[in-house]
Amino acid sequence: YRCALEKPKIILNKFRIYIVLIYNTSILEELSMRKPIKSVIFLLIFCLTLSEFSALKASALWNPPTTPTVNAVYLINTDVNTVIYQKNQNEKVYPASITKLMTAILVCEKFKDKLDTKVTVEPEDLAELTPYDSKVPLKAGEELTIEQLLNCILIKSGDDAANTLARVTSGSVEDFVEQMNKKAKEIGLKNTHYVNPHGLHDPDHYTTAVDVYILAKYAMTIPKLKSIVATQTYKLPPTNIVKEERILRNTNYLIMENMTKSYYKYVKGIKTGSTTPAGKCLVSYAEKDGKTYYCVAMGGEMKDGVNTAFSETKALYKWVFGNFDIKPVVKTTDTAAQVSVELAANKTKLLLKPETQLNALVPNSFKTSDLKIDVHVPSKVTAPIKKGDVIGSEDVMLITADGKLQKLGTVKLVASENVDRSMSLYILSIITKFFNSIWFKIVAVLLVILLIVYIILSVHFNKRKRMLNRRRMKKYKYKRY
């Protein structure tokens, strides 16, 4: 097969690398391959290439004006739980220091209201770290509170602080990592595995963009963590060893006002990560006009002095805030369908309305004509019916710009009014049902059979009786003579 191919022509695309295989006609001829076989090979290659492009297009619910170059993206609105854009969202990536979110979660859940507990940094907490790793730096023998160390890992991204917290929380880093993986399963991280509490690279230390989102959202349910990740700078007080105050600056430039290129005032956190294999990573959330979005950008790079995880996250936030809104696409006052009603007094049709209003994230240009609604209701219902009784449902879908259907939600359909039952019709229906029932038919058949048996027996007995009567008459006649 390789002999039949020239050097692949590679088309570079920031989403993926597509390889278009150009078969060499002369070599195929040398191999005495017939034209039909060559055509089949070419067709297969062409179809495989098209399928790759189709899969890529399908991964984006809406396409931003500029395609992100980072390896994996997951952008979601949490108000209505709608994914806006995704790319390689389930592919394995390395989390780098985003790992520290899991570390912080376990620490907070262990110490809860005891974050002022003082702990000591041990030499073993610093032993594995190199001069090139991210550190506060802490010194062996330093005494700090749990809360101070949480600021160290989430703001400064200190690996030394992460090791210290892991040890004091579980007794050893190994036991802490075991708890990390247990917690990952508990909160629904399906494709994540940890081997350390800080995120330094290991081939067996991995996650996905979707899992990073789930982790970050869970972390933001803990008020202390939500507060820390939104902090631009933190003053670490003097300790028993370091006598001067240390200023910790957040590594997330989107919340740093002095980083004018990256700063975006609606971003509230959350965590950065960076190693050579992982690339530049960022998970964040932003709030504006009552709407909240989470964005995960994994595998960025430094381009013209700019971290693409920062710049592309900012661009995605600007795009969604400027072009989408949450609007009511189905209202409780809408008439969704009507059904036939049986046994009702003076009514043959019943109008159905949505039980609840459906709000959905849609483009600003949204019109009701952009909706496709599939209604699922029975052909008829039977009285009595109470207003609000659930009769059916409807699937609400948005017709996107490329003609595809994006499901927005499902709404229950309920009766719009009370429908009373007609007693005369009800009694008539009972009688009709009785006469049409299988039991009536069985009883009727049995009665017919019994009647036939009765008739047969009656005929038989009557015939026998007549015969006996004749014999008696003859006998009586002979006696007279």
Side-chain angles (χ1 to χ4, degrees), residues 13-16 55-91 93 95 98 101 188-189 191 207-220 229 252-255 262-273 279-301 307-327 359-366 398 400-402 404 406-409:
N13 185 294
K14 292 299 183 180
F15 277 84
R16 295 186 182 190
L56 173 66
K57 190 173 184 180
S59 70
L61 305 184
W62 287 282
N63 291 307
T66 303
T67 302
T69 63
V70 295
N71 290 339
V73 179
Y74 194 68
L75 176 64
I76 183 171
N77 176 278
T78 55
D79 305 294
V80 291
N81 199 35
T82 298
V83 178
I84 310 302
Y85 179 79
Q86 55 190 6
K87 168 189 170 185
N88 300 335
Q89 69 278 7
N90 290 313
E91 291 190 9
V93 293
I98 291 176
L101 283 177
L189 308 190
N191 299 291
T207 188
T208 65
V210 171
D211 280 4
V212 168
Y213 157 68
I214 296 170
L215 174 67
K217 191 179 180 187
Y218 183 89
M220 292 303 96
V229 299
N252 179 5
Y253 287 4
L254 270 71
I255 71 168
S262 300
Y263 176 68
Y264 190 58
K265 66 180 180 179
Y266 303 110
V267 174
K268 309 301 179 184
I270 301 173
K271 189 71 189 75
T272 62
K280 305 296 183 182
C281 305
L282 173 66
V283 55
S284 59
Y285 79 99
E287 296 176 334
K288 181 184 178 184
D289 299 331
K291 296 184 287 292
T292 302
Y293 294 89
Y294 277 69
C295 184
V296 179
M298 309 293 286
E301 61 184 349
N307 181 332
T308 56
F310 291 163
S311 60
E312 292 179 0
T313 294
K314 181 178 178 179
L316 286 170
Y317 281 139
K318 285 187 171 182
W319 171 57
V320 292
F321 281 129
N323 293 277
F324 295 85
D325 201 0
I326 297 174
K327 297 180 180 180
N359 296 320
L361 189 78
V362 292
N364 290 340
S365 58
F366 167 78
L398 177 70
T400 60
D402 57 3
K404 294 182 179 179
Q406 166 67 28
K407 187 172 180 180
L408 301 178

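Owing to the predicted nature of the structure, the values given are computational and were not obtained by experimental measurement. We're numbering straight along the sequence, starting at 1.
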With distance as the sole criterion, is a donor-acceptor pair present between the side chains of Thr208 and Glu91 under 3.5 Å?
-> no

Closest approach of Met220 and Tyr285, non-hydrogen atoms and distance?
-> SD-CE2, 3.8 Å

Check for a donor-acceptor pair, side chain of Asn364 on one end and backbone N or O of Gly322 on the other, with a separation under 3.5 Å.
-> yes

Look up atom NZ in Lys407 and atom OG1 in Thr82, then write down how far apart they are to the nearest 0.5 Å.
-> 12.5 Å

Which value, rounded to the nearest 0.5 Å, describes the distance between Ile255 atom CD1 and Ser262 atom OG?
-> 12.0 Å

Exercise: identify the closest heavy-atom pair between Val80 and Asn359 | CG1-O, 3.5 Å

Asn77/Val320 under side-chain contact (heavy atoms from CB on, under 4.5 Å): CA gap, chis, key distance, verdict | CA-CA 9 Å; Asn77 176 278; Val320 292; over 6 Å; no

Thr207 versus Pro95, closest heavy-atom pair with distance = CG2-CB, 3.6 Å

Taking all atoms of both residues into account, what is the closest heavy-atom pair of Ala72 and Ala209, and its distance?
-> CB-CB, 4.2 Å

Other residues, nucleotides, ligands: >12 heavy atoms within 6.0 Å of Lys268 NZ = yes

Closest non-hydrogen atoms of Ala216 and Val283, given as atom of the first, atom of the second and distance, are CB-CG2, 3.5 Å

Taking the inter-plane angle between the rings of Trp319 and Phe324 on a 0 to 90° scale, is it parallel (under 30°), tilted (30 to 60°) or perpendicular (over 60°)?
-> perpendicular

Does the pair Phe321 and Tyr293 meet the rule for a ring-ring contact (aromatic ring centres under 6.0 Å, His included), with working shown?
-> CA-CA 9 Å; Phe321 281 129; Tyr293 294 89; 5.1 Å; yes

Does some side-chain heavy atom of Tyr85 sit less than 4.5 Å from a side-chain heavy atom of Cys295?
-> no

Any side-chain heavy-atom pair from Val83 and Leu75 closer than 4.5 angstrom?
-> no

Rounded to the nearest 0.5 Å, the CG atom of Asp79 sits from the CD1 atom of Ile326 at a distance of 4.0 Å

Heavy-atom distance under 4.5 Å between the side chains of Ile76 and Asn81, does that happen here?
-> yes

Partners meeting salt bridge (Lys or Arg N to Asp or Glu O under 4.0 Å) with Lys288 (sequence neighbours left out) | none

Which value, rounded to the nearest 0.5 Å, describes the distance between Asn71 atom CG and Glu301 atom CD?
-> 8.5 Å

Note: Thr313 and Ala297 closest approach over all heavy atoms is OG1-CB, 3.5 Å

Would you say the side chain of Leu408 lies within less than 4.5 Å of the side chain of Val362, judging by non-hydrogen atoms?
-> yes

Quick one: pull up NZ in Lys314 and CG in Leu254 and give me the separation to the nearest 0.5 Å.
-> 7.0 Å

Parallel, tilted or perpendicular: which fits the ring planes of Tyr213 and Tyr74, with parallel below 30° and perpendicular above 60°?
-> tilted

May I have the step-by-step check of side-chain contact (heavy atoms from CB on, under 4.5 Å) for Asn252 and Lys271, ending in yes or no?
-> CA-CA 6 Å; Asn252 179 5; Lys271 189 71 189 75; over 6 Å; no

Distance from Glu312 atom CD to Asn307 atom CG, nearest 0.5 Å?
-> 9.5 Å

Residues forming a side chain to side chain donor-acceptor pair (under 3.5 Å) with Tyr317, sequence neighbours excluded | Ser284

Only one of Val73, Ile98, Leu282, Asn88 passes side chain to side chain contact (heavy atoms under 4.5 Å, CB included) with Met298, and that residue is Ile98

Within a reach of under 6.0 Å around OH of Tyr253, are more than 12 heavy atoms found that belong to other residues, nucleotides or ligands?
-> no

